[in-house]
Amino acid sequence: MPDPRAAHAVQLEAEDDVAGFRRAARRLVAQRVPPDQVSWFVSSAAESDLFGAVAGGDEALADDAPALMLPGFFAAECQHAALHADPARFGLLYRLAWRLLHEPGLRHDPLDADRIAIAQMARAVRRDMHKMTAFVRFRPLSAPTDDGWGVTHVAWFEPLHHTVRATAPFFVRRFAQMPWAILTPERSARWDGHRLAFGPGARREDAPGADAGEQLWLTYYENIFNPARLKLKMMQKEMPRHYWKNLPEAVLIQPLTAASAARSGQMVAQGGTEPARRRPAASIALRLDAPQWSSTADAVPATLAALHAATERCRACPIGQHATQAVPGVGPEGAQCMVVGEQPGDQEDLRGQPFVGPAGQLLNRAMAQLGWPRESVYLTNAVKHFKFEPRGKRRIHKTPAQQEAMACAHWLEGEIALVRPKALVALGATAARALLGRPVAVTAERGQWLMRPDGLPVLVTLHPAALLRMPQQQFDAAFGDWLADLGLAAAAQLAEAR
Ligand code: URA
């Protein structure tokens, strides 16, 4: 509602009408209207009629006033802060713009209360957008299309701020081939594969409910939950409670966390496992200058167990003789999806299991957020032994050479033949090249299904270690993009399971 004491009431078209706010602010500054003379409101359709005559209206939105000479940080913060749920945000933004224009010292005072308030709003909005990219859960729905019936993926989501329009392009980029709709109480976004459209808000009942596939997913989630890794505070920070109600796996969080102390006690009582054999790192000297390639590759064995035993003996390149052990793939034979990394790292080499070190933990976190059970996929590496360079007591990862990856290719192909996945995911360039048989520019080709000559689709994305190397400021956005890539494979697997 406009403040009846204010001389100027500005009506914006929608809660996320950032462009309308900017136009009105330019006009008000040009007319020298101070902030305490302005009242901002966003009207419903009925209110538009009621207040159509109030100063503001069409005239207020005319785009004829000169641009404001504001510092760059204001434009960046305004873009997000204007989407905050606080109804006072437009007034605050206009006041800050006005003060920046009239108080020259303010641009150098990041501790000013208005600047802090706007920065906090902008941060909260960015966080909400990021959470939306991570927590939207699509469910397939048969729906009429231009050419008959097709499957649309529909998600129900409740953002904290007015972020749907601003976040929708992310889903267009990431799910370009898949028709989808995101329904929220305030607005809905729809993508038909060609056009992004926005409509009115919806109700939770308008989105499809859980189905049998989802029950399967929950069972997997329960099985992969590792009580020893539970960090409740961290989990709630990453996955705030507000979002739980629309996350299928969230119903399990409370009972699983309640039981976690007892379960981790059991794990401790069972004791650890010893690596098959361990060489002191300092005694290892890699002789990469004199590779010892075997002349003939072993034939691919008929079972996964035999294949794993054969990789243990493999000396087709020099890496194998220096590693503690070959690290076999893990996961069900017949898994729908095979996820392929580069090579085992230090911890994987010692424990004989793939993705148990830091990169594996990040992969676990992503898969948990996607509701994609780790134990439902077959997880392996392009190269089966750990290549490293000894440095004091430490063993520093070295990227395998192309020749070494090629020497391992028949083991990987053997796993594909035995597991018979419907889709492959390549984490990083080594895996992508091994699976596609050509050099792959990961950043250019990520996030889309590429086809192998045998017809198996391959989704390429970053290796988790690449994310771990990023500075924190880049990490959040990169992790969201990574989740979206992996989400394509998770969605394909879940759709196939239905
Ligand atoms: N990095 C990989 O590519 N694979 C692993 O198993 C661990 C880290």
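One-based numbering, in listed order, for ligands and for the atoms of each.
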Please could you name the atoms of ligand 1 that E342 approaches to less than 4.0 Å, counting only its heavy atoms?
-> 2 (C), 3 (O)
So which bit of H463 gets within less than 4.0 Å of ligand 1, heavy atoms only: side chain, backbone, both or neither?
-> side chain
Within 45° of the ring axis of F479 and under 6.0 Å from its six-membered ring centre, is that where the NZ or CZ of R365 lies?
-> yes
Just say parallel, tilted or perpendicular for the rings of H84 and H161, cut-offs at 30° and 60°.
-> tilted
More than 12 non-hydrogen atoms from neighbouring residues, nucleotides or ligands closer than 6.0 Å to CZ on R195, yes or no?
-> no
Rounded to the nearest 0.5 Å, how far does CG of L486 lie from CE of M367?
-> 7.5 Å
Where does the angle between the aromatic ring planes of F138 and F175 fall among parallel (under 30°), tilted (30 to 60°) and perpendicular (over 60°)?
-> perpendicular
Under 4.0 Å from one or more heavy atoms of G341, ligand 1 contributes atoms 3 (O)
Should you measure from each heavy atom of P354, which atoms of ligand 1 turn up under 4.0 Å away?
-> 6 (O)
Electrostatic pair R165-E186, nearest N-O below 4.0 angstrom | no
Find the distance between NE2 (H130) and CG (D476) and round it off to the nearest 0.5 Å.
-> 5.0 Å
For atom 6 (O) of ligand 1, which protein heavy atom lies nearest, and how many Å away is it?
-> F355 N, 2.9 Å
Min N/O separation P344 to ligand 1 under 3.5 Å | no
Contacting atoms of ligand 1, where contact means under 4.0 angstrom from a heavy atom of Q343 | 1 (N), 2 (C), 3 (O), 4 (N), 5 (C), 7 (C), 8 (C)
Identify the closest protein heavy atom to atom 4 (N) of ligand 1: which residue and atom is it, and at what distance?
-> N381 OD1, 2.6 Å
Examine the proximity of ligand 1 to E348 and report which part, side chain or backbone, both or neither, has a heavy atom under 4.0 Å away.
-> side chain
